[in-house]
Amino acid sequence: MDDVDRRLLGELQRDATQAYAALGKAVGLSAGAAHERVRKLREQDVIRRTTVDVDPAAVGRGVAAFVLVEANAWMGDRPVREALEALPEVVEAHVIAGPASLLVKVRTATTEDLQASLRRLFAIDGVTGTQTIVVLESFFERPVDTRA
């Protein structure tokens, strides 16, 4: 990956809907060359997916919380991952080192829904406890910095 690829990624993170002509112009390439580079970045799984940034509150997911999940078993295996993926309110899950085994980000409509989500997390085999941090306000959520 070179500097042009990194600039392409930065442009795509800013606005993934822009035409290849505009994208190429922004990084000094033709539309065809920009398209080819983006295609290669997709093939290499550098670009994993193209998505839309939705305001969670606007779609009824205004309550955000980070949950430290304590466990008596390794939480990085497929059954745990599949159990977490089955919970639509879980928007991120990370195996961590520290005071817990997992760090999970949850988005729900209400605190009552958050409580129900915590119950579902407790039902996952191996989970022994949780510590929940409710977000009061988010200043920003930043995309990955693609600069070297």
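Note that the coordinates shown come from a computational prediction; the quantities given were computed from them, not determined experimentally.
- Of all heavy-atom pairs between P99 and E70, the closest is O-CG, 4.2 Å.
- Linking ILVMFWY side-chain heavy atoms closer than 4.5 Å, directly or via other members, places F66 and L84 in two distinct hydrophobic clusters.
- E89 and T108 get closest at one heavy-atom pair: CB-CG2, 4.0 Å.
- In the displayed structure, K25 atom NZ is contacted under 6.0 Å by at most 12 heavy atoms of other residues, nucleotides or ligands.
- Under the 4.5 Å side-chain criterion, counting only non-hydrogen atoms from C-beta, R78 is in contact with R81.
- To the nearest 0.5 angstrom, L9 atom CG is 5.5 Å from I47 atom CD1.
- Using a 4.5 Å cut-off between side-chain heavy atoms of Ile, Leu, Val, Met, Phe, Trp and Tyr, with links allowed through other members, W74 and V127 fall into the same hydrophobic cluster.
- Side chains of T111 and V134 form no contact here, defined as non-hydrogen atoms less than 4.5 Å apart.
- With values rounded to the nearest 0.5 angstrom, D53 atom CG is found 11.0 Å from Q13 atom CD.
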Give the C-alpha distance, both sets of side-chain angles, the deciding distance and a yes or no for side chain to side chain contact (heavy atoms under 4.5 Å, CB included) between L118 and V106.
-> CA-CA 9 Å; L118 293 173; V106 176; 5.9 Å; no
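- Atom NZ of K40 sits about 12.5 Å away from atom NE2 of H35, to the nearest 0.5 Å.
- In terms of heavy-atom proximity, G129 sits nearest to F122 at CA-CE2, 3.5 Å.
- Of the possible polar contacts, one joining the D2 side chain to the V4 backbone as a donor-acceptor pair under 3.5 Å is found.
- Note that CG of N72 and OG1 of T128 are 5.5 Å apart. Values are rounded to the nearest 0.5 Å.
- Using a 4.5 Å heavy-atom cutoff, the side chains of V90 and V67 are not in contact.
- Remark: the backbone N or O of D113 is paired with a side-chain donor or acceptor of T110 at under 3.5 angstrom.
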Can L29 and E36 be said to form a side chain to side chain contact (heavy atoms under 4.5 Å, CB included), step by step?
-> CA-CA 10 Å; L29 296 174; E36 182 63 17; over 6 Å; no
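- Using a 4.5 Å heavy-atom cutoff, the side chains of V80 and L102 are in contact.
- Under the 4.5 Å side-chain heavy-atom criterion for grouping Ile, Leu, Val, Met, Phe, Trp and Tyr, V104 is not connected to L68 through any hydrophobic cluster.
- Salt-bridge annotation for R7 and E11: absent, with no side-chain N of the basic residue lying under 4.0 Å from a carboxylate O of the acidic one.
- Heavy atoms from other residues, nucleotides or ligands lying under 6.0 Å from CG of D15 number more than 12.
- The shortest non-hydrogen separation linking E141 to S138 is OE2-OG, 4.4 Å.
- Side-chain contact check for R61 versus V91: every heavy-atom pair is 4.5 Å or farther apart.
- Two residues are said to be in side-chain contact when any heavy atoms from C-beta on lie closer than 4.5 Å; Q44 and M1 fail this criterion.
- Using a 4.5 Å heavy-atom threshold, the side chains of T50 and R42 count as touching.
- Clustering ILVMFWY residues whenever any of their side-chain heavy atoms sit less than 4.5 angstrom apart, transitively, puts L114 in a cluster other than the one holding L103.
- Using a 4.5 Å cut-off between side-chain heavy atoms of Ile, Leu, Val, Met, Phe, Trp and Tyr, with links allowed through other members, M75 and I96 fall into different hydrophobic clusters.
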